[in-house]
Undergrad: 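I am attaching a structure below and will ask some questions about it afterwards.
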Amino acid sequence: MFESAMPLIEEFRALEVQLADPSLHADGARSRRVGRRYASLRPVVEALDEHARLTGDREAALELAETEEAFADEVAELDAELAVVMGRLTRLLAPRDPNDDADALLEIKSGEGGDESALFAGDLLRMYLRHAENTGWKVELLDEQPTDLGGYKSVTVAVKGGAIDGIGPYGRLKFEGGVHRVQRVPVTESQGRVHTSAAGVLVMPDVEADEVELNDEDLRVDVYRASGPGGQGVNTTDSAVRITHVPSGLVVSCQNERSQLQNRESAMRMLRSRLTALADEEAASAASQARKSQVRTVDRSERVRTYNYPENRFSDHRIGFKSHNLDAVLGGTLDPVLDALAEQDLAERLSSGSR
């Protein structure tokens, strides 16, 4: 473990030198990349320093314990602290997704179930917004296609927040990707019958513009008149933008802003994130459990989660997680299942040695 950490320490020291050079900050994109990498390595270096300090203290306490029995208790305390630091180092040094420290783009789409599915998509959005607020993250609305009943055909938000131990919003939320199924009595149901519908969630890293190379000749840009709610003026000009990446066939659109330029910038941002997610998926192929869960279709059978209202039950089918506090989960209390997913992912990465 410590041998593998030595190159990281050397890289960290080199980044410190770069950050102290005023010329670095003249290049905003490069400065952000260096700063982001420095921030991701800092917890590793700090944990290694803490481990070295505790190891030195323990050796000194062991020597003193040979003559004074009172120091035996100090050795036991230091052993406990070392165990905690070793656990943290195990998590920090395990192979990981290089985008784990990134911000995230979160896209929610309604699926089977019509109006009820769109309403459930709105419930999922509110759940993530409340979790983001509880966590101290900031959320930016990029695009939305609301329905008349207050749901969403589609909605995309950016989630921003500082990384903790190298894990940012994307690393924390990436396993939310997949089909989320709801079982409840819809507001449109007159006979009180429980219905099942689904909504799809896709989580992508929010990458910098210079991190993804895009050629203008590979893009087809269409502008059109925005539709749906949006305030005065939104439906009177060709402000909506649809961008097709011809080589991959990916299509993104944005109509949320009144300015065509702003919609184009948001659409490009979503396209970069989708291309990054697609490249990661292709590179990981069958090995990455994270990407396996990022399903593209919104079908009831391909579910990762079930939200059962009559039983107040919340289930994640990938890890067998269950709780009977659905109201709290929908209120943003996601940490228990996010922690369980992260622990399962860590165990798989440690056993396979792959990202």
Side-chain angles (χ1 to χ4, degrees), residues 1-21 24 31-103 134-137 161-175 290 319 321 333-355:
M1 178 187 297
F2 296 106
E3 288 180 2
S4 66
M6 292 309 298
L8 299 180
I9 296 174
E10 294 172 0
E11 182 184 358
F12 181 79
R13 302 306 178 201
L15 292 172
E16 277 186 323
V17 174
Q18 291 185 52
L19 288 169
D21 184 353
L24 171 70
S31 176
R32 286 191 295 272
R33 281 199 308 272
V34 172
R36 177 177 155 185
R37 181 59 175 166
Y38 178 83
S40 70
L41 290 178
R42 185 170 184 171
V44 178
V45 175
E46 289 178 345
L48 288 168
D49 288 344
E50 179 72 358
H51 184 275
R53 182 188 66 79
L54 290 171
T55 300
D57 290 348
R58 182 181 184 277
E59 291 175 355
L62 277 173
E63 290 182 10
L64 292 170
E66 292 178 0
T67 56
E68 295 185 47
E69 189 176 338
F71 282 98
D73 292 338
E74 185 175 344
V75 172
E77 292 174 4
L78 289 167
D79 283 339
E81 292 182 50
L82 275 167
V84 172
V85 174
M86 283 296 294
R88 186 181 179 202
L89 278 170
T90 299
R91 292 190 297 272
L92 289 170
L93 294 175
R96 65 169 59 186
D97 186 330
N99 290 311
D100 273 353
D101 61 347
D103 292 333
N134 295 341
T135 308
W137 292 336
I164 299 176
D165 282 352
I167 304 296
Y170 173 72
R172 189 66 172 157
L173 294 174
K174 64 183 180 180
F175 298 117
I319 56 174
F321 182 97
T333 305
L334 289 174
D335 282 330
V337 68
L338 294 180
D339 289 341
L341 286 164
E343 288 299 320
Q344 176 69 20
D345 175 58
L346 175 62
E348 290 175 356
R349 286 185 284 121
L350 288 173
S351 64
S352 66
S354 61
R355 293 190 186 279

Undergrad: Start with the C-alpha gap between Leu93 and Leu8, add the side-chain angles, then the distance that decides, and say whether side chain to side chain contact (heavy atoms under 4.5 Å, CB included) holds.
TA: CA-CA 10 Å; Leu93 294 175; Leu8 299 180; 3.7 Å; yes
Undergrad: Are Asp101 and Arg37 side-chain neighbours, meaning at least one heavy-atom pair lies under 4.5 Å?
TA: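 With C-beta onward as the side chain, the pair stays apart.
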Undergrad: Identify, with sequence neighbours excluded, every residue that meets side chain to side chain contact (heavy atoms under 4.5 Å, CB included) alongside Asp103.
TA: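 With sequence neighbours excluded, Asp103 shows a side chain to side chain contact (heavy atoms under 4.5 Å, CB included) to Lys160, Pro169, Asp206, given in chain and number order.
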Undergrad: Can you tell if the side chain of Arg88 reaches within under 4.5 Å of the side chain of Glu50, non-hydrogen atoms only?
TA: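 Arg88 does not reach Glu50 side chain to side chain.
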Undergrad: With the side chain counted from C-beta on, respond yes when Leu173 and Trp137 share a heavy-atom pair under 4.5 Å apart, and no when they do not.
TA: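 When only atoms from C-beta onward are counted, Trp137 and Leu173 do touch, with a gap below 4.5 Å.
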Undergrad: Given side chains that start at C-beta, do those of Leu54 and Glu77 come closer than 4.5 Å, heavy atoms only?
TA: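 SC-SC contact between Leu54 and Glu77 ruled out.
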Undergrad: If every non-hydrogen atom of Ala72 is compared with every non-hydrogen atom of Ala65, which pair is closest and at what distance?
TA: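 Taking every non-hydrogen atom into account, N-CB, 4.0 Å.
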Undergrad: Which residues pass the side chain to side chain contact (heavy atoms under 4.5 Å, CB included) test with Glu16, not counting sequence neighbours?
TA: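 Scan of Glu16 (side chain to side chain contact (heavy atoms under 4.5 Å, CB included), adjacent residues dropped) gives Phe12, Arg13, Tyr38.
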Undergrad: Using side chain to side chain contact (heavy atoms under 4.5 Å, CB included) as the criterion, point out the one residue from Leu338, Leu334, Thr333 that pairs with Pro336.
TA: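 Only match with Pro336 under side chain to side chain contact (heavy atoms under 4.5 Å, CB included): Thr333.
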Undergrad: How many angstroms lie between atom CZ of Phe71 and atom CG of Leu78, to the nearest 0.5 angstrom?
TA: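 Phe71 atom CZ to Leu78 atom CG measures 11.0 Å (nearest 0.5 Å).
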Undergrad: Taking atom CG of Leu19 as the centre, does the number of heavy atoms from other residues, nucleotides or ligands within less than 6.0 Å exceed 12?
TA: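 Count over threshold, so yes.
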Undergrad: What are the two closest non-hydrogen atoms of Ile9 and Leu48, and how far apart are they?
TA: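 Closest approach of Ile9 to Leu48: CD1-CD1, 3.5 Å.
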Undergrad: Mind checking what makes side chain to side chain donor-acceptor pair (under 3.5 Å) contact with Arg58, not counting sequence neighbours?
TA: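 Here the qualifying residues are Asp79.
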Undergrad: Quick one: are Arg172 and Asp339 in side-chain contact, heavy atoms under 4.5 Å?
TA: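 They are in contact (side-chain heavy atoms under 4.5 Å apart), so the answer is yes.
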Undergrad: Which of these passes side chain to side chain contact (heavy atoms under 4.5 Å, CB included) with Lys174: Ile167, Leu341, Asp100?
TA: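 So, applying the side chain to side chain contact (heavy atoms under 4.5 Å, CB included) to Lys174 and each of Ile167, Leu341, Asp100, only Asp100 qualifies.
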Undergrad: Does this structure show an ion pair linking Asp57 with Arg53, if we count only N-O contacts that are shorter than 4.0 Å?
TA: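 A salt bridge links Asp57 with Arg53.
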Undergrad: Write down the atom of Leu24, the atom of Gln18, and the distance for their closest heavy-atom approach.
TA: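 Shortest heavy-atom separation between Leu24 and Gln18 comes out as CD2-O, 3.4 Å.
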